[in-house]
Structures are given as structure tokens and as C-alpha cells.
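A short write-up of the structure that comes next.
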There are 2 protein chains.
Amino acid sequence: MFTQSEENYLKAIFHLQQDVDGGVSTSSISELLQTKAASVTEMVKKLADKKLVHYQKYYGVHLTESGRAHALTIVRKHRLWECFLVDRLNFNWDEVHEVAEQLEHIKSAKLVEELDKFLEHPLYDPHGDPIPDADGNLPKRFKKKLSELKTGEQGVCKGFKDDSSAFLKFLAKQDIGLGTAIKVLNIEAFDESVTALADQKEISLSKTATNNIYVGN
Amino acid sequence: MFTQSEENYLKAIFHLQQDVDGGVSTSSISELLQTKAASVTEMVKKLADKKLVHYQKYYGVHLTESGRAHALTIVRKHRLWECFLVDRLNFNWDEVHEVAEQLEHIKSAKLVEELDKFLEHPLYDPHGDPIPDADGNLPKRFKKKLSELKTGEQGVCKGFKDDSSAFLKFLAKQDIGLGTAIKVLNIEAFDESVTALADQKEISLSKTATNNIYVGN
DNA sequence: ATAAAGTTTTAGTTTTACCTAAACTTTTAA
DNA sequence: TTAAAAGTTTAGGTAAAACTAAAACTTTAT
Ligand SMILES: [Mn+2]
Ligand SMILES: [Mn+2]
Ligand SMILES: [Mn+2]
Ligand SMILES: [Mn+2]
């Protein structure tokens, strides 16, 4: 159906679309996919020919319904495979992403649905990211950040904006994971760094860190 | 490390090597991989540059130690994934091959070893083909064919030479699978077709069929 | 309003893995 | 033993997906 490269572009555009209101820029795609802007322009034209994106020269792209639907199937596969790796194969949450990047391109409708069944239809992946169902419906995502809590407030860790291996390893070191209860003890006026109680333990988190942690109750 | 295409060539040469004593011919590779002979010649030169095969113009190729080692890792992955699909995801044995052709190229040493552990170190895949261990050691393969049994002899089905979907579906229809006991009742002098008792049921098998079924006791 | 800065597109290359057609080598069989 | 057939390699080309360099366009800042 689609090439691996086309799928990577669709997924990238899907993710970038969530952070902007207008079209997704050539440069943001090239940055995310580690390619040059010129390569993006070329591919984007091909995707437009295939009616997967709307493309206005110089003003970026956005996914068509068909493009979005396909992007969601890739995201679904990526996150299901991450569940499999963590829940069944003893991978750590900070080492599944690169493998899932490969596995998400395996083409077999039956494989995805059987994997989903095998994992008992998980709603969130090991990083708290929602898994689209077979029809492309996304469970709600928690979008309140730890940095938005005031002194004395508390929340339960529901997901992470940055899921780089570096950040995930850092969180693991502080014993923060999905479900960890975090109470804000103090917010430093100077740099907005936070002193917090995470599962009884007192820790200190920079603004950069608190901005990348989603909380709920 | 290696491209998907290079891996497919290595695996093809590995499989073809088992049926011939001299070098593996360009045409046999091109037939197996559904490419043209000219493409094979090109790739084979590249593999020779990388010291994965020995290549003598006009006399075919054979794997070097390094080429064989890598071919074995791909075969290992292919067969482990087939086990996973059949044993854990409810795939039929005749629908796993194409998916395993994709999965065998996923690059992650940890994934292979964890999958092997998860499956409890299987020795044979769903078609009775032996799974190389992490060091590249292959369990013994049964190589006596059903067509070699004489009237009155019996054997237990241990594997299949042809594992095309068509043949596997045919076997399933006759209720023949790994472990099925088969007793030869009669061999037709005319075309060497066999009447046999397979798990109490009387069935008739062509020479083509009996040539593709391996038996042991 | 215009120039500078930044971004995007176009034009021209490269690499990989294929292809066809022609040339060459080996095998076969008259 | 030799000529035809069969198999293989070489030569030259294409398509996909990347790249660089340079031109074109948009945005921003005087
Ligand atoms: Mn991921
Ligand atoms: Mn994830
Ligand atoms: Mn197979
Ligand atoms: Mn098999």
C-alpha cells in the first residue's frame, strides 16, 4: 500500500499537527525526520498526489481524512508493539521506541488485531500515550502539565510529552512512572523549578521536566 | 548492518545451498527471489565485496562463514516469529510465512532473545523446520521422505519440504500436521501415488505430495 | 517600503535495487 | 567436435528516496 518512507511522513505530520493550528511546515517535518527540507518538499508533493495531504506551496501541509486514517493505523501499531515489548518481553520503557519504529511498518491487518486481542485491548502505551482503536478513535489524552499545578496541589502522573530515552531514564531514576502520585511542595520563583513529593520521596524538577509531565487525578 | 535486500539474498543462498553441492546458481536465486538474473549478479558482487559469499563468475556462489552466520540469524528470527504467530496469536500455519518474511528483518538483538525466552526456546517452527540457537547451531532436521517408506511401514510426520500456503492448506484438509502418524497401505505402481492411513483416516497422496513430507518415528 | 533574514522550492546528483538487451561462457546433444 | 541452447554477465536505463546548491518566495525588521 504505502512505502515505509511515506508512512513515516504521515506519522510525522500527524504528530506535528497536534501542536499547530495552521499547516505543518516543511522545516518541522525535516527536523523531526532528520532529513533536509528539499527532501520533504518532494515527498509532500507525492503525498498530495495520492490525496493523503493537502499541500499549499510555502504554507505547509495538513492531513486529509484518508491521510489521517492511515497515520492512525501506524500510531496504533507503534503503541501496541510498545505494550507488547514492555508487558510481555521485559523491555524497559526507555528502550522500546526504536524497535517500535521498525515494527509499526509490518503490513498485516490480522497481526494488528490479534496482537491487540493478545494484549487485552490496552488503551494506553507504556508512556501513557493513547492507542487508537481499529476504527481510528483515540482515547482522551491528559493534557494538564505538572508545571500548571500550584503549590500544595497534587496529581497522578498520566503521560509524558517528551518520550526520548534520556527523559525516560531520568524519570526512572527519580522513581517516576505512570500512576506515580506527585505533590507540589514548592515552586521556586527564580526558575520555576519544583520541589515535589513523588511516592513519599522528595525530589527536585526543573521547569523543562515539569513541562513534559502530564498529570490527572 | 545489512539492507533488507541483502538479507533476503543471504537467506535465499542459505536455503539453496542445502540442495546442491557446488555453488548456488544465479538463476536459482533469481527464481526464488522473483528477480532477474542480471539483478542477482549485481547483488552477488556486492555480497562478495562484503565477504559474505565466495563468488566465481559463471560458477555460482556459496556463503562464507560470516555470510552463513548472518543467514542463520535471519532464519532464526523468521522461525521464532512463525512460532509466535501460531502459538500466541492464533494464526494458522499456512498464513504466517508472508508476515514472518517482514518480521525477520527487524533489527534488535534483545528482541530476538526475549522472544525466544517468551516462547520457551522452541526447537522447531510450526512447519517442523528447525530453529537455530543464538550461536547458529541448527537442531537436526528429519530428512526421510514419506515417499521413501515401503508398503506397510509407518512414520510420524516431522516436517515439510514445500511450505507454500497451497500445500499447507492441502495438508490441513487431510488432517495432516506435525506429529500425525501415517501408515503406508499401498503404493500404486503406475504413478507411485500412496494410499495411507493418517490418524485412522484413509487418504490418497500423489508422489508430489509424499515427496514433500518428512517422516521420523 | 524596502532590504535583510529565514524558509521553501527547484534543479541537478547520488545510491540502491531493480529492469531489458546484448555479449559472453558453459553445457548439451547432433 | 562443433553448433545450438541454456545460463550468466555486462552495459545502459529507470524509479525511489535521499542529498547539495542555488533560486524563488515569504516574513521580519529597519
Ligand atoms: Mn514510541
Ligand atoms: Mn510510546
Ligand atoms: Mn516461513
Ligand atoms: Mn516455517
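Since this is a predicted model, take the numbers as computed values, not measurements. Chain letters run A, B, ... following the sequence lines, proteins first and then strands; every chain starts at 1.
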Subject >> Qualifying residues under side chain to side chain contact (heavy atoms under 4.5 Å, CB included), relative to Leu119(B), sequence neighbours excluded >> reply: Leu80(B), Cys83(B), Phe84(B), Arg88(B), Leu115(B), Pro122(B)
Subject >> Non-neighbouring partners of His127(B) that pass ring-ring contact (aromatic ring centres under 6.0 Å, His included), sequence neighbours left out >> reply: none
What side-chain donor-acceptor pairs closer than 3.5 Å can you find for residues 161-169 of chain A, not counting sequence neighbours?
unit_1: Asp162(A); atom_1: OD1; unit_2: Ser164(A); atom_2: N; d: 2.7
unit_1: Asp162(A); atom_1: OD1; unit_2: Ser164(A); atom_2: OG; d: 3.0
unit_1: Asp162(A); atom_1: OD2; unit_2: Ser164(A); atom_2: OG; d: 3.3
unit_1: Ser164(A); atom_1: OG; unit_2: Phe167(A); atom_2: N; d: 3.2
unit_1: Ser165(A); atom_1: OG; unit_2: Asp94(A); atom_2: O; d: 3.3
unit_1: Ser165(A); atom_1: OG; unit_2: Lys169(A); atom_2: NZ; d: 3.4

Subject >> Spacing of Ile29(A) atom CD1 relative to dA18(D) atom P, expressed in whole Å >> reply: 12 Å
Original post:
What pairs with Gln34(B) under side chain to side chain contact (heavy atoms under 4.5 Å, CB included), at least two apart in sequence or on another chain?
Top reply: none
Original post:
With sugar-phosphate meaning primed atoms plus P, OP1 and OP2, does Thr26(A) contact a base, only sugar-phosphate, or nothing at under 4.0 Å between heavy atoms?
Top reply: sugar-phosphate
**OP:** Look at Lys57(A) and dT10(C) and indicate whether a side-chain polar atom (N or O) is within less than 4.0 Å of OP1 or OP2.
**Re:** yes
**OP:** State plainly whether the residues Arg79(A) and Glu82(A) are in salt-bridge range, i.e. N to O under 4.0 Å.
**Re:** no
**OP:** Apply side-chain hydrogen bond (donor to acceptor under 3.5 Å, both in side chains) to Lys143(A) and list each qualifying residue two or more places apart in sequence or on a separate chain.
**Re:** none
Original post:
Which residue pairs pass the salt bridge (charged side-chain N to carboxylate O under 4.0 Å, His left out) test when at least one of the two sits in residues 27-39 of chain A, sequence neighbours left out?
Top reply: none
**OP:** Please list, chain by chain and in numerical order, all residues satisfying side chain to side chain contact (heavy atoms under 4.5 Å, CB included) with Phe2(A), sequence neighbours excluded.
**Re:** Glu6(A), Glu7(A), Leu52(A), His70(A)
**OP:** Round to the nearest Å and state the distance from Leu47(B) atom CG to dT9(D) atom P.
**Re:** 13 Å
**OP:** Do nucleotides 11-24 of chain C as a string where each nucleotide becomes B, S or -: B if the base has a protein heavy atom under 4.0 Å, S if just the sugar-phosphate does, - if no protein is that close.
**Re:** ------SBBB---B
**OP:** Determine: side-chain N/O of Lys45(A) to OP1/OP2 of dT10(C), distance under 4.0 Å, yes or no.
**Re:** yes
Subject >> Rounded interatomic separation in angstrom, taking OH from Tyr59(A) and C1' from dA24(D) >> reply: 13 Å
Pick out the pairs of N or O atoms, protein on one side and nucleotides 2-4 of chain C on the other, that lie under 3.5 Å.
none

Original post:
Does Lys51(A) offer a backbone N or O that forms a donor-acceptor pair with the side chain of Thr64(A) under 3.5 Å?
Top reply: yes
Original post:
Going by number, which of residues 99-108 of chain B have a non-hydrogen atom under 4.0 Å from DNA chain D?
Top reply: none
**OP:** Identify, with sequence neighbours excluded, every residue that meets side-chain hydrogen bond (donor to acceptor under 3.5 Å, both in side chains) alongside Lys11(A).
**Re:** Glu101(A), Glu104(A)
Subject >> Any pair counted as salt bridge (charged side-chain N to carboxylate O under 4.0 Å, His left out), so long as it reaches residues 132-142 of chain B, sequence neighbours left out >> reply: Asp129(B)-Arg141(B)
Original post:
Just to confirm, is there a sub-4.0 Å distance from OP1 or OP2 of dT8(D) to any side-chain nitrogen or oxygen of Ser27(B)?
Top reply: yes
